[in-house]
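Below, read A as the first sequence line, B as the second, and so on, with proteins coming before strands; counting in each chain starts at 1.
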There are 2 protein chains.
Amino acid sequence: MTEERPYHHGNLRVALLDAAERVLREQGADQLALRDLAREIGVSHAAPRRHFPNRQALLDALAVAGFARLDSTLRTAMAGAGEDFASRVRATMTAYTRFATDNAALLELMYTSKHRPDAKQIAEAAEAPFGLMIELILQGQAECKLQEGDTARIGIVLFATLQGIAALINGKLVPPELLDGLVETAVEQFLRGARPLP
Amino acid sequence: MTEERPYHHGNLRVALLDAAERVLREQGADQLALRDLAREIGVSHAAPRRHFPNRQALLDALAVAGFARLDSTLRTAMAGAGEDFASRVRATMTAYTRFATDNAALLELMYTSKHRPDAKQIAEAAEAPFGLMIELILQGQAECKLQEGDTARIGIVLFATLQGIAALINGKLVPPELLDGLVETAVEQFLRGARPLP
DNA sequence: CCTACTTTGTAGTCCATGACAACATTCTCT
DNA sequence: AGAGAATGTTGTCATGGACTACAAAGTAGG
């Protein structure tokens, strides 16, 4: 049981991110202390600084990783929904809100404007899931299920609706039981509200 | 210029809230330190504790006040929009997103789930603007401009869309210039997507 | 009024944490 | 092997929240 602790951890950056993600999930961003992470991992209090110049940098890295994970979640959901446009929309919207409510604190990090200089990196990371929404809208327009027009605008509004539903639930302003019903209403309204003019 | 400083400030609670709101707006919640407020107001570092048992309590009070201010903003906007349903919707939605983007940090406080025990108080405060949305939907339903059905659900989805648009802009994921266009798209989609089935 | 009680502010302290600097160890590459 | 770069450690500082004991000002009841 004599734990060998080599001078170099070997994987500290990843270990920090993993531990940070767990703390974020369990206790929120406010409770996330670099020193706690270091203690838990078994390195000295200043070690994290070699990998993240400051606390915010670690949070930003979490946000960037979050967008990547969100993107792959959405793509998986969409791929599993077949080719039908409506079912793709439904699957994607459901997957998004599920991710958002399962990762409340992470979502907050991802969308919150605390990022001053690193904003570019985060905005870039956000483009992946954003792009997916755009692809979806483009499919709908190609199939004449959605009105032509500013694709990005429609996509952003859809994205915003999902994000808003999740935010209301995460903020405990709306009880979680309502999630599925709200998403369903949002899906229906979107499909009806954005379909081509007759 | 000999500033008379009576032992008792006389209005410290209000002074704290005012100063806090300004700091919140100018520098964000993270930068809000009780000791700074005390210094600025000219009281000792522990004085704020007489009015707010801890930092979070002050932030919660700001959030509650924020909901009240939001409510009155929305009611004013709605009152100024005449009786027509569509124009009321438009006015309210515009006022909401304007408030939300003008008070980004405050909005975050209002919706963020950092409130553990005080959640009840904040949820109560949120009911005022929520109720306004409900009233609006009820009017639309009464005038047969909206489908019958779960009023609250429709209202929450509408609210969520606005909140989401504001969040995307506040988080700098979407440039602010797009605000008006996005709101317009959201209004149109809402009016079309939630209108009665033909 | 004046005395007891309450409210509100002050002074002093403790502790956790982020940031930084100086130094130590290990790795890597030639 | 040796030089320089990475990566960790120890030590230190400043900030800020939380807490306690004390002081001053307000407020009532007698």
B/Asn103: side-chain hydrogen bond (donor to acceptor under 3.5 Å, both in side chains) partners, not counting sequence neighbours: B/Arg25, B/Arg69
Steps toward salt bridge (Lys or Arg N to Asp or Glu O under 4.0 Å) verdict (A/Glu188, B/Arg153): CA-CA 12 Å; A/Glu188 284 167 18; B/Arg153 246 200 226 179; over 6 Å; no
hbond_proxy B/Arg55 side chain to D/dG16 base (donor-acceptor, 3.5 Å cutoff): no
Length of the CG-P vector between B/Leu12 and D/dA24, whole Å: 19 Å
D/dG16 OP1/OP2 closer than 4.0 Å to side-chain N/O of B/Arg39: yes
Length of the CG-P vector between B/Leu34 and C/dG9, whole Å: 14 Å
Acceptor/donor pairs from residues 43-52 of chain A side chains to any protein atom, 3.5 angstrom cut, sequence neighbours excluded:
unit_1: A/His45; atom_1: ND1; unit_2: A/Arg35; atom_2: NH2; d: 3.4
unit_1: A/Arg49; atom_1: NH1; unit_2: A/Pro53; atom_2: O; d: 3.2

Euclidean distance, atom CG of residue B/Leu58 to atom P of D/dA18 [Å, nearest integer]: 11 Å
A/Gln56 CD to C/dG18 C1', straight-line distance once rounded to whole Å: 13 Å
Distance in angstrom units between A/Arg35 CZ and D/dG11 P, rounded: 13 Å
Sugar-phosphate, base or nothing in reach of A/Leu37, heavy atoms under 4.0 Å: nothing
Of all pairs that satisfy ring-ring contact (aromatic ring centres under 6.0 Å, His included), the ones with a partner from residues 119-177 of chain A, not counting sequence neighbours: A/Tyr96-A/Phe159, A/Phe130-A/Phe159
Value in whole Å for how far the C1' atom of C/dT8 lies from CG of B/Leu16: 12 Å
Close approaches to DNA chain C from residues 46-54 of chain A, in residue order (heavy atom, under 4.0 Å): A/Ala46, A/Arg49, A/Arg50, A/Asn54
d(CD, A/Gln31; C1', C/dT17) in whole Å: 12 Å
Pair listing, salt bridge (Lys or Arg N to Asp or Glu O under 4.0 Å) test, anchored in residues 77-94 of chain B, at least two apart: B/Glu83-B/Arg88, B/Arg90-B/Glu184
Test item: side-chain donor near acceptor, B/Gln139 and B/Glu143, under 3.5 Å: yes
Separation of C/dG18 C1' from A/Asp30 CG (nearest whole Å): 15 Å
Partners meeting side-chain hydrogen bond (donor to acceptor under 3.5 Å, both in side chains) with A/Arg98 (sequence neighbours left out): none
hbond_proxy A/His45 side chain to D/dG11 base (donor-acceptor, 3.5 Å cutoff): yes
